[in-house]
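Along the sequence shown, the residues carry numbers beginning at 1. Computed from a predicted structure; not experimentally measured.
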Amino acid sequence: MTEAASLLDLAQPGPAITVAVAAFFASMASAITGAGGAIILSFALAPIIGVAAVVQTISVAMTVSHLARIEAFRREIDWKVSRIVLAGSIPGVILGAMIYTRLSERAIALLLGSFMLIIVVLKRRLPNRRLNLPMPVILLFSFGFGLVSGATIGGGILLLPILAAAGLTGAAFVATDAVIGLVVHLVKSLVFGSAAVLSWNLTLIGIVVGVMMIPGVYVARVLIRRMPLSIHAGLIDAVIVAGGLGFLYRAIGSFF
């Protein structure tokens, strides 16, 4: 599929099944752990729409998915934490997204592939207890999260220690992550649209993929208190590594 291709190209049996399955599991991953959904989607979408269109298309899809997650977990949202983190992250998102729009396809592939492998290591080092961080530090970390999220996919992994530092766990963690993620992806989509890297075709594809993700949100709501997170985290790490190596292969292959 090219940038100018229509949504009908995604409706072919092979691509449609691949994206639908990826969307379902991406939605569950994002709803259960707060991270990993965008990375799973990128692995499925990149061969279909191209590396250069992945981040902006996924931003649209994740916006739709986060809306569904907010509805499913609306009673557990911590609005105070959401406002604090967004205050620090939105400027970073805008800056990161602007940087992304100026990268070549090869640079994008290198950036995404390298970042995916790095966050596997980072994830293993995340704190598993509440941290008593002062407000300026939380705002600074939130800006860093926004900067990375604006320029890459999978930046949500950096949000996990921030929410942990705020003392959020369980459904409150997932619900608050959804609110922050919604605003982040909405801001990214607006920046990409203004920079003319998010076409109407990609927007429609993103909306369709986002709708495909909705069932996974409600399955995750049932499973969230039953599935051991350690098992799921291991599966997500495997997907992250596979996706990262895939992007690096694309980037390195372009040199030959």
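- If you chain together ILVMFWY residues whose side-chain heavy atoms come under 4.5 Å of each other, Trp200 ends up in a group of its own.
- Residue pairs meeting the salt bridge (Lys or Arg N to Asp or Glu O under 4.0 Å) criterion with at least one partner in residues 17-34, sequence neighbours excluded, are absent.
- Under the rule for a side chain to side chain contact (heavy atoms under 4.5 Å, CB included), the partners of Ala97 that lie at least two apart in sequence or sit in another chain are Val191, Phe192.
- Residue pairs that meet the ring pair (Phe, Tyr, Trp, His ring centres under 6.0 Å) test with at least one member in residues 76-99, sequence neighbours left out, do not exist here.
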Test side chain to side chain contact (heavy atoms under 4.5 Å, CB included) applied to Leu202 and Val60, step by step
CA-CA 8 Å; Leu202 294 180; Val60 177; over 6 Å; no
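- For residues 155-168, there are no salt bridge (Lys or Arg N to Asp or Glu O under 4.0 Å) pairs, not counting sequence neighbours.
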Which donor-acceptor pairs under 3.5 Å do the side chains of residues 61-68 make with protein atoms, sequence neighbours left out?
{"residue": "Thr63", "atom": "OG1", "partner": "Ser59", "partner atom": "O", "Å": "2.7"}
{"residue": "His66", "atom": "ND1", "partner": "Arg69", "partner atom": "NH2", "Å": "3.0"}

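- In the hydrophobic clustering, where aliphatic and aromatic side chains (Ile, Leu, Val, Met, Phe, Trp, Tyr) are joined below 4.5 Å either directly or transitively, Leu140 stands alone.
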Side-chain donor/acceptor pairs under 3.5 Å, residues 88-96, sequence neighbours excluded:
{"residue": "Ser89", "atom": "OG", "partner": "Val85", "partner atom": "O", "Å": "3.0"}

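- Annotation: side-chain hydrogen bond (donor to acceptor under 3.5 Å, both in side chains) contacts of Arg74 (sequence neighbours excluded): Glu71.
- Every pair tested for salt bridge (Lys or Arg N to Asp or Glu O under 4.0 Å) that includes a residue from residues 78-87 fails, sequence neighbours excluded, so the list is empty.
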Show me the side-chain donor-acceptor pairs of residues 19-29 shorter than 3.5 Å, one per line, residues at least two apart or across chains.
{"residue": "Ser27", "atom": "OG", "partner": "Met213", "partner atom": "O", "Å": "2.6"}
{"residue": "Ser27", "atom": "OG", "partner": "Val217", "partner atom": "N", "Å": "3.1"}

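- Under the rule for a side chain to side chain contact (heavy atoms under 4.5 Å, CB included), the partners of Ile70 that lie at least two apart in sequence or sit in another chain are Ile77, Ala178, Val179, Leu182.
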